[in-house]
Q: 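One structure follows; several queries about it will come next.
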Amino acid sequence: MSTDQPPPGPDEPRDRDSSDPFAKYPRANGSPYEERTAGAEPHAGMPPLAHLGRRLIARIIDALLIGIPVGLVLSAITGGYDPVDGSARSTIVTLIYVLVYFVYEGLMLTRDGQTVGKKAMKIRVALLENGQPPAGPAGWVRAGVYALPEIVPCCGFVFWLINVLWCTWDRPYRQCLHDKAARTLVVSAVP
């Protein structure tokens, strides 16, 4: 659109929203969830989607919050830990870490939709259909699909990697595979 033309009217589509360089379609309503037709929208009134950088930092905080204490305790008990040696001891340590992380995330998400990392980054997990925290099965499904595949040797890590990278190309909700399984999305916790 050239600068000598008037701005589009309320019923005309605008150019691609400049706040999202990956948007494929024009959005006339400025919604981060793309333009929708009239009717019941599963995301009506939800806060904006969480920034991918905030999501990453929240995951790092949570991994350190669980990993450091679990690693210290288990290293003291087992006399050391080498994650790449392939021994039964390292497999048990990994299994315990994964289970502790699963329980931590499941409990935190079903309570209020936020882990400690998400609280620090001011983001939260919301159900796609109504924006509420994923209380009950949805929180546990999300936690399970994120953490438990790591138990499977070799291909568990590959699945985990694809899972967490999925949100970089998923549109319109920027969901990872664990979000899709639980029908959740990550939004800003600040109104």
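Hydrogens, waters and symmetry mates are skipped; everything else that's a heavy atom, side chains included, is used. As the structure is a prediction and not an experimental result, all values here were calculated from the model.
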Q: Lys180 and Trp166: side-chain contact (heavy atoms from CB on, under 4.5 Å), yes or no, with the steps?
A: CA-CA 10 Å; Lys180 290 187 177 294; Trp166 199 270; 3.4 Å; yes

Q: With rounding to the nearest 0.5 Å, note down the distance linking SG in Cys155 to CD1 in Ile162.
A: 10.5 Å

Q: Is there a side-chain contact between Cys167 and Leu52, using heavy atoms and a 4.5 Å cut-off?
A: yes

Q: Please check if Ile151 and Trp140 belong to a single hydrophobic cluster, counting links between Ile, Leu, Val, Met, Phe, Trp and Tyr side chain heavy atoms closer than 4.5 Å.
A: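 In one cluster: yes.
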
Q: Using atom types as modelled and distance alone, determine if a side-chain donor or acceptor of Ser75 lies under 3.5 Å from a backbone N or O of Leu72.
A: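 Absent.
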
Q: Do you know the tightest heavy-atom contact between Gln114 and Ala189?
A: NE2-CB, 3.7 Å

Q: Over all heavy atoms of both residues, which pair between Leu127 and Ala138 is shortest? Give the atoms and the distance, please.
A: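 Closest heavy-atom pair between Leu127 and Ala138: CD2-CB, 3.7 Å.
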
Q: Checking side chain to side chain donor-acceptor pair (under 3.5 Å) against Thr184, which of Gln175, Arg124, Arg142 comes through?
A: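 With Thr184 as partner, side chain to side chain donor-acceptor pair (under 3.5 Å) holds for just one option, Arg142.
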
Q: Can you tell me how far CE of Met121 sits from CG of Leu56, rounded to the nearest 0.5 angstrom?
A: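 Going from CG on Leu56 over to CE on Met121, the span is 10.5 Å.
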
Q: For Ile123 and Val187: C-alpha separation, side-chain torsions, deciding distance, then whether side-chain contact (heavy atoms from CB on, under 4.5 Å) applies.
A: CA-CA 6 Å; Ile123 60 177; Val187 296; over 6 Å; no

Q: Quick one: do the Asp179 and Tyr173 side chains pair a donor with an acceptor below 3.5 Å?
A: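 No, Tyr173 and Asp179 have no side-chain donor paired with an acceptor closer than 3.5 Å.
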
Q: Between Val103 and Leu99, does a side-chain contact (heavy atoms from CB on, under 4.5 Å) hold up when you go through it step by step?
A: CA-CA 6 Å; Val103 170; Leu99 292 175; 5.6 Å; no

Q: With rounding to the nearest 0.5 Å, note down the distance linking CH2 in Trp160 to NE2 in His178.
A: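 Reported value, rounded in 0.5 Å steps: 10.5 Å.
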
Q: Is any side-chain heavy atom of Val93 closer than 4.5 Å to one of Ile96?
A: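 The answer is no; the side chains never approach within 4.5 Å.
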
Q: Identify whether Val164 and Phe157 are in the same connected component of the hydrophobic contact network (ILVMFWY, side-chain heavy atoms under 4.5 Å).
A: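 Yes, Val164 and Phe157 fall within the same hydrophobic cluster.
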
Q: Determine whether Val98 and Leu161 fall in the same hydrophobic cluster, where Ile, Leu, Val, Met, Phe, Trp and Tyr are linked whenever their side-chain heavy atoms lie under 4.5 Å apart.
A: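 Same hydrophobic cluster.
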
Q: If you look at every heavy atom in Leu128 and Leu185, which pair is closest and at what distance?
A: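 That closest heavy-atom pairing would be CD1-CD2, 2.8 Å.
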
Q: Walk me through whether Glu105 and Lys118 qualify under salt bridge (charged side-chain N to carboxylate O under 4.0 Å, His left out).
A: CA-CA 11 Å; Glu105 181 154 329; Lys118 286 177 178 48; 5.0 Å; no

Q: How many angstroms lie between atom CG of Leu74 and atom CD1 of Ile77, to the nearest 0.5 angstrom?
A: 5.5 Å

Q: Under 4.5 Å between side-chain heavy atoms, hopping through other hydrophobics if needed: is there a path connecting Ile68 to Val116?
A: no

Q: How far apart are the closest heavy atoms of Met46 and Ala126, and which atoms are they?
A: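 The answer is SD-CB, 4.5 Å.
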
Q: Hey, what do you get for CZ (Arg183) to CG (Asn130), rounding to the nearest 0.5 Å?
A: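 Arg183 atom CZ to Asn130 atom CG measures 10.5 Å (nearest 0.5 Å).
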
Q: Going hydrophobic residue to hydrophobic residue with side-chain gaps under 4.5 angstrom, can you get from Val141 over to Val152?
A: no

Q: Suppose we call two aromatic rings close when their centres sit under 6.0 Å apart. Are Tyr146 and Tyr101 close by that rule?
A: yes

Q: If you take all heavy atoms of Gly117 and Tyr104, which pair is closest and at what distance?
A: N-OH, 4.2 Å

Q: Nearest 0.5 Å, please: how far is CG in Leu148 from CZ in Phe159?
A: 10.5 Å

Q: Test side-chain contact (heavy atoms from CB on, under 4.5 Å) on Asp62 and Ile66 and set out the steps.
A: CA-CA 6 Å; Asp62 291 332; Ile66 300 302; 5.6 Å; no

Q: Check whether any side-chain N or O of Asp170 sits under 3.5 Å from a backbone N or O of Cys176 as a donor-acceptor pair, and report yes or no.
A: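 No; zero donor-acceptor contacts below 3.5 Å.
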
Q: Shortest non-hydrogen contact from Pro69 to Leu64?
A: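 That closest heavy-atom pairing would be CD-O, 3.8 Å.
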
